[in-house]
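Working notes, beginning with the structure itself.
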Amino acid sequence: MIPQTRVVYATSIDRVIHAASLMQRDFGWEPVYWLASARAAPRISELFPDVLVHDYLQSVKGVWHASFASDAYTGVDMDFVREHSREISAASYMLERNNSIARDLTMRERMEFIYQLIAYWTGVLGTLTPNLVIFEEEPHQASDYLLYTVAKHQNINILMPIRTMPEWGFLLSHGYDEEPLIDIHGPMHEEPLSENPIPEYITRYRDMFRASWAEAQKAMFWDQLDRHASRPQLVRRLLRLLDSGRAMTRRWSLARQYVGNFRSFHSDQKEKGKSLQESQLSYFAYLSAKIKTSRAKKRNCAAYDRRALPPRLDKPFVYLALSYQPEKSTSPNGDEFVHQLLAVRMLSASLPVGWQLIVREHPSQFIPSYSRHYGEIFRDASYYESILGFENTVLASMNSDPYELMDKAEAVASVGGSSCFEALVRGRRALLFGHAWYIGCPGLSVIRTTADIQRALTTPCPVVPEHDRALDHYFGKLGRSVYRAPTAIGDAPMFAQSHAMDEYVRSYRDFHQNFLALHASASAGTVTGPSE
């Protein structure tokens with residue numbers, strides 16, 4: 001008999017709410033606490049009357065649920081603080097997301113806020129005693145990141161969907177820093193490739209990554225592609241005017257929602273001169289910030305262009321593709337390498353004499369329309385000057401072809417980004433700083449130290465026929481392991497909604513039968529195999 005599963009949910013998407021109701025009915029998964037948006041909260045409360053629903057944005061700002069708002073939840077275990085100093089540092093960096101407009105969140109305020117979060121989540125989990133915490137995907141905010149950290153510290157099961165390529169779906173994982181659960185139904189290492197057919201949607205990406213950058217970027221930047229960059233200037237200007245008209249229509253539609261009661265605008269941003277808990281950003285302040293963000297991105301682009309050159313490829317080099325910030329690829333997935341200059345420093349110091357390090361910025365870092373993610377706060381002219389301060393390091397112009405750089409490089413490096421995966425598909429060495437969904441892919445070197453870099457650079461390049469066979473076997477396993485559904489609201493257009501809901505139910509059932517049930521059986525002294 002499997003004991004009742006008490007679940008904390010940290011997600012607002014309809015697919016999860018639907019799956020949660022079926023898991024409650026069929027397997028006794030009982031929601032006890034739910035972090036959700038104001039939009040999703042009424043439906044959750046209707047389906048699960050006994051669950052404590054906590055507004056997600058309120059939790060992000062450190063406004064606690066009324067049931068846990070007393071002074072009883074203020075203590076912090078110093079052993080926890082010492083054991084998780086790395087996570088505390090990462091959470092402090094994550095708060096930059098919330099400091100994008102005010103720019104006045106001090107280190108003292110950050111640390112006090114983090115200790116409050118640790119105390120709060122320790123109290124909540126200790127009181128409710130859940131045995132499973134389910135996330136929407138990798139944590140993006142300090143609040144849910146510290147929920148994840150406290151849950152792991154208390155040995156609570158974690159279920160975290162990990163997004164793969166845009167049209168593939170997600171893998172299950174016990175956490176962003178754990179290797180995804182490839183082939184949840186059992187090991188397949190000895191089975192021939194013919195018994196693991198590669199799905200069409202994976203072969204399409206594989207072939208695209210082996211072709212040209214012009215084709216690959218259409219899929220990689222499906223929701224943020226600066227699609228006018230390669231067109232003549234006059235055409236670009238006309239298209240920008242058209243897009244501006246469409247953008248103004250969308251903004252006016254939004255403005256009409258808030259102009260009557262502009263203080264109701266929901267935002268995770270700190271207001272200048274106020275604590276994060278007290279902040280209530282107005283819609284007009286948000287629009288003003290978007291305008292400033294777009295201008296700052298244009299200035300950063302100009303600063304980069306002044307310092308970047310068409311790279312010389314006539315001597316050995318390592319290619320480092322920077323990741324967009326702030327985003328999950330660097331925080332939390334990058335761990336210490338959220339400071340991407342640390343990766344630059346380590347690579348520069350590890351290269352043999354005569355080699356160079358070619359660094360190329362992420363194209364989305366400069367797209368003005370991609371202003372909701374405040375990318376301008378992580379870049380300025382001094383950032384690029386710091387990169388060029390290393391003697392053997394150069395910046396590649398944004399007009400350079402990333403796939404040409406990959407093909408001619410001795411190795412390709414990235415902090416949590418997809419460039420390493422693309423390089424592996426193209427048969428190149430790949431050096432990953434931090435974590436990514438494709439950890440476990442044949443040929444990947446995971447970097448923690450300079451010794452790891454030196455070891456990776458002296459490892460022979462993949463031999464194409466053997467490497468391709470190993471990749472195809474890995475792709476076959478992926479095809480059996482991936483769930484064809486998006487992990488977040490914004491990913492939905494490329495998946496049929498009904499199918500996506502079915503996939504979430506299937507993933508939860510697989511997790512229940514192959515992990516929770518097995519764990520319960522093992523605890524009871526019963527040996528069972530994975531469910532078919």
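The model shown is predicted, which means the values in this text are computed figures rather than measured ones. FYI, the numbering just counts along the sequence from 1.
At a threshold of 4.5 Å between non-hydrogen side-chain atoms, the residues Ile88 and Ile118 count as touching. Side-chain atoms of Leu320 and Leu357, non-hydrogen and from C-beta on, do get closer than 4.5 Å to each other. Using a 4.5 Å heavy-atom threshold, the side chains of Ser92 and Met107 count as touching.
Of the charged side-chain nitrogens involved, at least one lies within less than 4.0 Å of a carboxylate oxygen, so that Lys152 and Asp177 count as a salt-bridged pair. Between Arg39 and Asp55 there is no salt bridge, since no side-chain nitrogen of the basic residue lies less than 4.0 Å from a carboxylate oxygen of the acidic one.
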Could you walk me through whether Glu278 and Ser275 satisfy the side-chain hydrogen bond (donor to acceptor under 3.5 Å, both in side chains) test, starting with their C-alpha distance in whole Å, then the side-chain angles of each, then the deciding distance to 0.1 Å, before giving a yes or no?
CA-CA 5 Å; Glu278 297 169 332; Ser275 70; 3.3 Å; yes
Could you walk me through whether Leu117 and Tyr145 pass side-chain contact (heavy atoms from CB on, under 4.5 Å), step by step?
CA-CA 10 Å; Leu117 284 170; Tyr145 177 68; over 6 Å; no
Using side-chain contact (heavy atoms from CB on, under 4.5 Å), reason through Leu431 and Leu347 one step at a time and then give a plain yes or no.
CA-CA 10 Å; Leu431 282 58; Leu347 285 166; 4.1 Å; yes
Report the C-alpha separation of Ser279 and Glu271 in whole Å, then their side-chain angles, then the decisive distance to 0.1 Å, and conclude whether the side-chain hydrogen bond (donor to acceptor under 3.5 Å, both in side chains) test is met.
CA-CA 5 Å; Ser279 296; Glu271 287 187 279; 4.6 Å; no
Can you check salt bridge (charged side-chain N to carboxylate O under 4.0 Å, His left out) on Lys270 and Glu96, steps first, answer last?
CA-CA 10 Å; Lys270 182 183 182 299; Glu96 277 297 278; over 6 Å; no
Tyr504/Phe170 under ring pair (Phe, Tyr, Trp, His ring centres under 6.0 Å): CA gap, chis, key distance, verdict
CA-CA 10 Å; Tyr504 262 86; Phe170 65 86; 4.9 Å; yes
When you look at Glu503 and Arg484, which way does the salt bridge (charged side-chain N to carboxylate O under 4.0 Å, His left out) test go after all the steps?
CA-CA 6 Å; Glu503 286 291 88; Arg484 301 298 313 286; over 6 Å; no
Apply salt bridge (charged side-chain N to carboxylate O under 4.0 Å, His left out) to the pair Arg448 and Glu336, showing each step before the final yes or no.
CA-CA 9 Å; Arg448 297 282 184 266; Glu336 299 89 344; over 6 Å; no
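By the side-chain hydrogen bond (donor to acceptor under 3.5 Å, both in side chains) test, Tyr33 is found to be paired with His54, Tyr120, residues two or more places apart in sequence or in another chain being considered. Applying the ring-ring contact (aromatic ring centres under 6.0 Å, His included) test to Tyr384 and every residue at least two apart in sequence or in another chain returns Tyr304. Here Glu83 pairs with nothing under the side-chain hydrogen bond (donor to acceptor under 3.5 Å, both in side chains) rule; sequence neighbours left out. Legend: residues meeting ring-ring contact (aromatic ring centres under 6.0 Å, His included) with His339, ordered by chain and number and at least two apart, are Tyr93. Scanning for ring-ring contact (aromatic ring centres under 6.0 Å, His included) contacts around His140 gives an empty result, with sequence neighbours left out. For Tyr56, there are no ring-ring contact (aromatic ring centres under 6.0 Å, His included) partners at least two apart in sequence or on another chain. Considering only residues two or more places apart in sequence or on other chains, Glu422 meets the side-chain hydrogen bond (donor to acceptor under 3.5 Å, both in side chains) condition with Tyr403, Ser418. Under the side-chain hydrogen bond (donor to acceptor under 3.5 Å, both in side chains) criterion, Glu109 pairs with Thr106, not counting sequence neighbours. In this structure, the salt bridge (charged side-chain N to carboxylate O under 4.0 Å, His left out) partners of Arg307, at least two apart in sequence or on a different chain, are Glu385. Take Arg108 and apply the salt bridge (charged side-chain N to carboxylate O under 4.0 Å, His left out) test, not counting sequence neighbours, and it matches no residue.
Side-chain atoms of Gln365 and Asn300 form no donor-acceptor pair, as typed in the model, at a separation below 3.5 Å. Using modelled atom types, one finds no donor on one side chain facing an acceptor on the other under 3.5 Å when comparing Gln58 with Gln277. No side-chain N or O of Gln269 forms a donor-acceptor pair with one of Asn99 less than 3.5 Å apart. Residues Glu137 and Thr487 have side chains that bring a donor and an acceptor to within less than 3.5 angstrom of each other. With 3.5 Å as the limit, one finds no donor-acceptor pair spanning the side chains of Ser397 and Asn399.
Annotation: cation-pi pair Arg110/Phe113 absent, no NZ/CZ under 6.0 Å from the ring centroid and within 45° of its normal.
Aromatic pair Phe378/Tyr383: centroids not less than 6.0 angstrom apart. Between Phe80 and His153, the gap from one ring centroid to the other is short of 6.0 Å.
Sorted by first and then second residue, the salt bridge (Lys or Arg N to Asp or Glu O under 4.0 Å) pairs with a member in residues 29-38 form an empty list; sequence neighbours excluded. Residue pairs meeting the side chain to side chain donor-acceptor pair (under 3.5 Å) criterion with at least one member in residues 430-440, sequence neighbours excluded, are Asp335-His435.
Here Asn157 contributes atom CG and His174 contributes atom NE2; the two are 7.0 Å apart, rounded to the nearest 0.5 Å. Taken to the nearest 0.5 Å, the CH2 atom of Trp29 stands 11.5 Å off from the CZ atom of Phe48.
Of the options Lys61, Gln141, Arg97, a side-chain hydrogen bond (donor to acceptor under 3.5 Å, both in side chains) to Asp268 is made by Gln141 and by none of the others.
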